[in-house]
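For the single chain, residues carry numbers from 1 onward in sequence order. Just so you know, ligand 1 is whichever comes first in the structure, and atom 1 is the first atom listed for that ligand.
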Amino acid sequence: MGDLDVPLEQEMGKEEPVCDPESMGSEDMLFMLYTSGSTGTPKGLVHTQAGYLLYAAVTHKLVFDHQPGDVFGCVADIGWITGHSYVVYGPLCNGATSVLFESTPVYPDAGRYWETVQRLRINQFYGAPTAVRLLLKYGDSWVKKYDRSSLRTLGSVGEPINHEAWEWLHKVVGDSRCTVVDTWWQTETGGICIAPRPSEEGAEILPGMAMRPFFGIIPVLMDEKGNIVEGGNVSGALCLSQAWPGMARTIYGDHQRFVNAYFKAYPGYYFTGDGAHRTKGGYYQITGRMDDVINISGHRLGTAEIEDAMADHPAVPESAVIGYPHDIKGEAAFAFIVLKDNAGDADVVVKELKAAVASKIAKYAVPNEILVVKRLPKTRSGKVMRRLLRKIILGGDLGDTTTLEDPSIITEILSAYQKHRGKQAASK
Ligand code: PRX
């Protein structure tokens, strides 16, 4: 044993087995959780005692139809907001039995979730679409092997759930008899804000839609000029027009940043960063982020964070990262990098960049693809046009390119991208 090692039993022996509860003010800090925005360093969002606990508990009970004696199975990591609100605080406030899951959905095999449901008689199962998309590729037999008759509610969180994944959850996992709830919320909101429940008995639930605002949540859609969009079959920036108990109170150490990030774009309203569509029937469907935030396997990341992690490499003066649709991850990162003239072997640099992102952020943040370009497309005012890069990858109309500093860059990047594709096809 080294000098720095201390026997755990010895240290534990010094502590009391019982800890007296401490009275707290309702607005005292309960916890702080870091999350990504479109600019700058991650924000430490502060949640407080009473409002957060109330909101986590009420949403847990009503969205999932949690009844006394039920076993609640949220398979999210406790370190994220979903784990905070729906593994720990919400279920425990309601006296529920809460399952702690610490693994991956495919270890030791693709039946792991359903074996856990059978063994623990789980009544509500709550997970991420990215896991559903992965599991459905393994086939139905892994699900059918296990008894899932205890299940009543199946919840989805963190990213849009596509129809195929929703239908699979409903038909295969839930045997067409469970209620599927697609729940929309954020680290900032503390708990679920839009979800199919509560609803009147027998009310319709549509695939891939969060649908109804929770009690106290008043969503509005804004157009580009900041006017409220009324009626049905319309889209806009999703804002919430009234405070609710679970909302974050500040960004730790920087209240002005909190005000600027959430309340400046549409004065008097909380701006979520998401776009949404409201159907004729008045239901909400989230259409995705409107800023430079991407969602890889349910992990929220600012593209700037990935760029920052690559910026320390001495051979890479500039980079631009965008998100693009990915079958299983939902979105994946694509990085465009510029190399210095004396950078040496590009393949080596690419490998080093991947390692840098994995160690500075996490493995899931590593770009799926890294393309070396001579320069990045910029406006005359020097802003990188990520929108154009996205169009180059996804195809389709490039849109307005008149603000580009040098329009010839489009053919330059397109040809680099096509070469990259050709190289990839040849290596398969
Ligand atoms: O873009 C939305 C997406 O995830 C973002 C919030 O990420 P985070 O703070 O990490 O919290 C994730 C767990 C609550 C949102 O701005 N998002 C979350 N739920 C959904 C969703 N997008 C579509 N449908 C959802 N149900």
Side-chain angles (χ1 to χ4, degrees), residues 31-38 42-47 52 55-56 59-60 63-64 74-90 126-133 154-163 165-166 169 180-197 205-214 217 219 235 237-240 246-248 251 261-262 265 270-277 283-303 305 323 325 329-331 361-362 364-365:
F31 65 82
M32 170 170 65
L33 209 55
Y34 277 86
T35 192
S36 304
S38 49
K43 304 178 272 219
L45 287 156
V46 174
H47 281 289
Y52 170 85
Y55 200 70
T59 48
H60 168 254
V63 172
F64 297 99
C74 170
V75 290
D77 189 311
I78 290 178
W80 301 84
I81 191 69
T82 308
H84 274 58
S85 301
Y86 299 109
V87 175
V88 183
Y89 293 108
Y126 194 29
T130 186
V132 176
R133 286 192 296 269
L154 300 168
S156 166
V157 60
E159 40 169 339
I161 177 159
N162 50 314
H163 278 232
W166 194 98
L169 257 188
V180 177
V181 289
D182 174 10
T183 63
W184 175 87
W185 57 295
Q186 311 176 295
T187 305
E188 292 87 341
T189 70
I192 295 164
C193 289
I194 306 183
R197 276 196 189 131
I205 291 187
L206 302 171
M209 242 193 237
M211 300 187 76
R212 302 179 180 89
F214 192 74
I217 299 293
S235 298
L238 177 65
C239 294
L240 303 179
M247 74 189 298
I251 290 174
Y262 303 107
Y270 166 79
F271 176 43
T272 64
D274 282 318
H277 177 79
Y283 299 140
Y284 289 87
Q285 175 157 35
I286 309 302
T287 48
R289 296 291 303 197
M290 298 182 78
D291 50 15
D292 288 321
V293 169
I294 56 177
N295 195 321
I296 303 178
S297 304
H299 297 298
R300 172 172 161 184
L301 280 163
T303 50
E305 280 174 76
K329 300 178 181 186
E331 268 188 301
I361 310 178
Y364 59 74

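Nearest protein heavy-atom neighbour of atom 7 (O) of ligand 1: Arg300 CD, 3.4 Å. Protein heavy atom at the shortest distance from atom 8 (P) of ligand 1 is Thr187 OG1, 3.5 Å. Of all protein heavy atoms, the one closest to atom 25 (C) of ligand 1 is Glu159 O, 3.6 Å. Of the protein's non-hydrogen atoms, Pro160 N, 3.2 Å is the one closest to atom 23 (C) of ligand 1.
For Gln186, heavy-atom contacts with ligand 1 shorter than 4.0 Å involve the backbone as well as the side chain.
For atom 1 (O) of ligand 1, the nearest non-hydrogen atom from the set Leu238, Asp274, Val181, Thr183 belongs to Asp274.
Each of the following atoms of ligand 1 lies closer than 4.0 Å to a heavy atom of Asp182: 25 (C), 26 (N). Shown in contact with Asn295 at under 4.0 Å from a heavy atom are these atoms of ligand 1, numbered in order with element: 3 (C), 4 (O). Residue Ile286 approaches ligand 1 through these ligand atoms, each under 4.0 Å from one of its heavy atoms: 22 (N), 23 (C). Of all the atoms in ligand 1, the ones that sit under 4.0 Å from a non-hydrogen atom of Val157 are 13 (C), 14 (C).
Between Gly158 and ligand 1, a contact under 3.5 Å exists for at least one N or O pair. Between Thr82 and ligand 1, a contact under 3.5 Å exists for no N or O pair.
One finds no salt bridge joining Arg300 and Glu305 here, because no Lys/Arg side-chain nitrogen approaches an Asp/Glu carboxylate oxygen to under 4.0 Å.
The ring-ring contact (aromatic ring centres under 6.0 Å, His included) test with Tyr86 singles out one residue from Tyr126, Trp80, Tyr55, and that residue is Tyr126.
Nearest heavy-atom pair, Ile78 versus Val88, reported as atom, atom and distance to 0.1 Å: CG2-CG2, 4.1 Å.
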> Which is it for Tyr284 and His277 under the ring-ring contact (aromatic ring centres under 6.0 Å, His included) test, yes or no, and what are the steps along the way?
Replying inline: CA-CA 6 Å; Tyr284 289 87; His277 177 79; 9.4 Å; no
>> side chain to side chain contact (heavy atoms under 4.5 Å, CB included), that's the test. Do Leu240 and Phe271 meet it? Break it down for me.
In response: CA-CA 7 Å; Leu240 303 179; Phe271 176 43; over 6 Å; no
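A tilted orientation is assigned to the rings of Tyr52 and His47, their planes being inclined by 30° to 60°.
Heavy atoms of Gly273 stay at 4.0 angstrom or farther from ligand 1.
The closest donor-acceptor contact from the side chain of Thr272 to the backbone of Leu238 lies under 3.5 Å.
Here the OG1-CD1 distance, from Thr189 to Ile194, works out to 9.5 Å after rounding to the nearest 0.5 Å. Atom NE2 of residue His60 and atom CD1 of residue Ile192 lie 9.0 Å apart, to the nearest 0.5 angstrom.
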